[in-house]
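Here is the naming used below: chain letters follow the sequence lines, and residue numbers restart at 1 for every chain.
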Protein chains: 2
Amino acid sequence: MGNSDDQWLEKFRQVSRDYSDASVIMHEVIAGKAGLTGADHKYLGLIIKKGESTAGEIAEITGLTGGAVTGLIDRLEKKGLVKRSPDPQDRRKVMIIPQVKKAMSLLGPVFSDLQERTKDLVSSFSAEEREIIERYFVAATGIMHDVTRNLRNKPK
Amino acid sequence: MGNSDDQWLEKFRQVSRDYSDASVIMHEVIAGKAGLTGADHKYLGLIIKKGESTAGEIAEITGLTGGAVTGLIDRLEKKGLVKRSPDPQDRRKVMIIPQVKKAMSLLGPVFSDLQERTKDLVSSFSAEEREIIERYFVAATGIMHDVTRNLRNKPK
DNA sequence: CTTATTTAGTTTAGTAACTAAAATATTTAA
DNA sequence: TTAAATATTTTAGTTACTAAACTAAATAAG
């Protein structure tokens, strides 16, 4: 790989870092507008994506301890964003049911500007171009998952 | 825009959300490996990007209050990642000097796997394809900055 | 069976990092 | 030379976290 490729790579890294930074900051501001902390907003997204699940499962997907999950669910429940419902099959368990409609009505208006403009942006690319972008995203996501897993398992 | 475009858009949104989620999680794990919290890692990145600056400027770019910046700098200084240096021109000011070498030596090894694999991934795209991906990133970053600014200024 | 162990979630005690406001030190303006 | 403004730190109070103790329910073992 030649020198100009290395320069390009450095620029590309900067561009993708800027993208990630902007994304994190934007999501924090969105969360604030909806009366949530950045962390609670992120976790709510995970809970909605997963769908109905137990407190234990939420601890796993969020990486939080049991006690922290209790607090998280307390806060989200108080805002009507999830509901607790005891599992009749196993009465130790508590099913956490995301209230998707409520979440949509809370977050939707805040997201609408972003979605509109993103739609316009992707429309400005041809189908072939969009396929290239998507291919990059999917591959990069896979790499990040791998790196995360490797770091977690590394002894040091 | 036809129906199949809408479906594509929905899929694209999912893909880019997955990318952002993976990025956030990975950076938290990277921070942990380096003995930092996710927040401190993020702020250190901002401080390095900005270069030498005052505590007040750091409060602005991070969105933290003055007191929180004092605590942040205390923690980073204890780890040797920044240095405090009183400004001789204005002795109320404290210049915060990021110790880039130290940060590199701490974070570099943790990032190396990611950088290697990202390099391989981008190499698998042609120059024209890479230009398309970069163009998308830059435009999307601009949109996110705009949306963030609009939300911050919105009265509601 | 009925007692011990495991599992699920919550509660508690202690900690870390935040905000808002008061305090300190220095500079600029009156 | 005093008053006001600016830059940072300190303090007091809050929030959300972890680790460990606790409660309740299900499963296993003698």
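- The C1' atoms of five pairs define one axis at each end of the helix from C:dC1-D:dG30 to C:dA30-D:dT1, and these two axes lie 10° apart (to 10°).
- Rounded to whole angstrom, the span from the CG atom of B:Asp40 across to the P atom of D:dC17 amounts to 16 Å.
- The closest donor-acceptor contact from the side chain of B:Glu77 to the backbone of B:Arg84 lies under 3.5 Å.
- Residues forming a side chain to side chain contact (heavy atoms under 4.5 Å, CB included) with A:Ala139 (at least two apart in sequence, or on another chain): B:Leu121.
- Note: CG (A:Leu36) to P (D:dT15) measures 15 Å, nearest angstrom.
- Among the heavy atoms of the strands lying under 4.0 Å from B:Ala68 is at least one base atom, whether or not backbone atoms are also near.
- To the nearest angstrom, C1' of D:dT9 lies 14 Å from CG of B:Leu72.
- For the segment residues 76-93 of chain A, residues with any heavy atom less than 4.0 angstrom from an atom of DNA chain C are, sorted by number, A:Arg84, A:Arg92, A:Lys93.
- The minimum heavy-atom distance linking A:Asp18 with B:Lys49 is given by the pair OD1-NZ, 2.9 Å.
- Regarding B:Met95, its CE atom lies at a distance of 14 Å from the C1' atom of D:dT8, rounded to whole Å.
- When the nucleotides D:dC17, D:dT10, C:dT10 are ranked by their closest atom to the side chain of A:Val94, C:dT10 comes out on top.
- The aromatic rings of B:Phe137 and A:Phe137 lie perpendicular to each other, with more than 60° between the two planes, well past the 30° mark.
- Sequence order on DNA chain D of the closest nucleotides to A:Arg75 and B:Glu57 puts B:Glu57 first from the 5' end.
- Summarising the geometry, the separation between CD on A:Glu28 and P on C:dT19 is reported as 11 Å, rounded to the nearest angstrom.
- Counted within 6.0 Å of CD on A:Gln115, heavy atoms from surrounding residues, nucleotides or ligands total more than 12; the atom is thus considered enclosed.
- Using a cut-off of 4.0 Å between Lys/Arg side-chain N and Asp/Glu carboxylate O, A:Arg135 and A:Glu131 are scored as salt-bridged.
- For A:Ile73 and C:dG9, the CD1 to P distance is 10 Å, given to the nearest whole Å.
- Scanning both residues, B:Ile132 and A:Glu129, for their nearest heavy atoms gives CD1-CG, 3.8 Å.
- Rounding to whole angstrom units, CD1 of residue B:Ile58 and C1' of D:dT9 are separated by 14 Å.
- Comparing B:Ala55 and A:Ala39 by the nucleotide of DNA chain D that holds the closest heavy atom to each, the one mapping nearer the 5' end is B:Ala55.
- Taking the six-membered ring where the residue is Trp, A:His27 and A:Phe111 present tilted rings, their angle falling between 30° and 60°.
- Ranking C:dG9, D:dT18, C:dC18 by closeness to the A:Thr65 side chain, first place goes to D:dT18.
- Outside the 6.0 Å centre-distance limit, the rings of B:Phe12 and A:Phe125 are not counted as a close aromatic pair.
- Rounded to an integer number of Å, the gap from A:Asp74 CG to C:dT12 C1' is 14 Å.
- Within 4.0 Å (heavy atoms only), B:Gly56 reaches sugar-phosphate atoms of the nucleic acid but no base atom.
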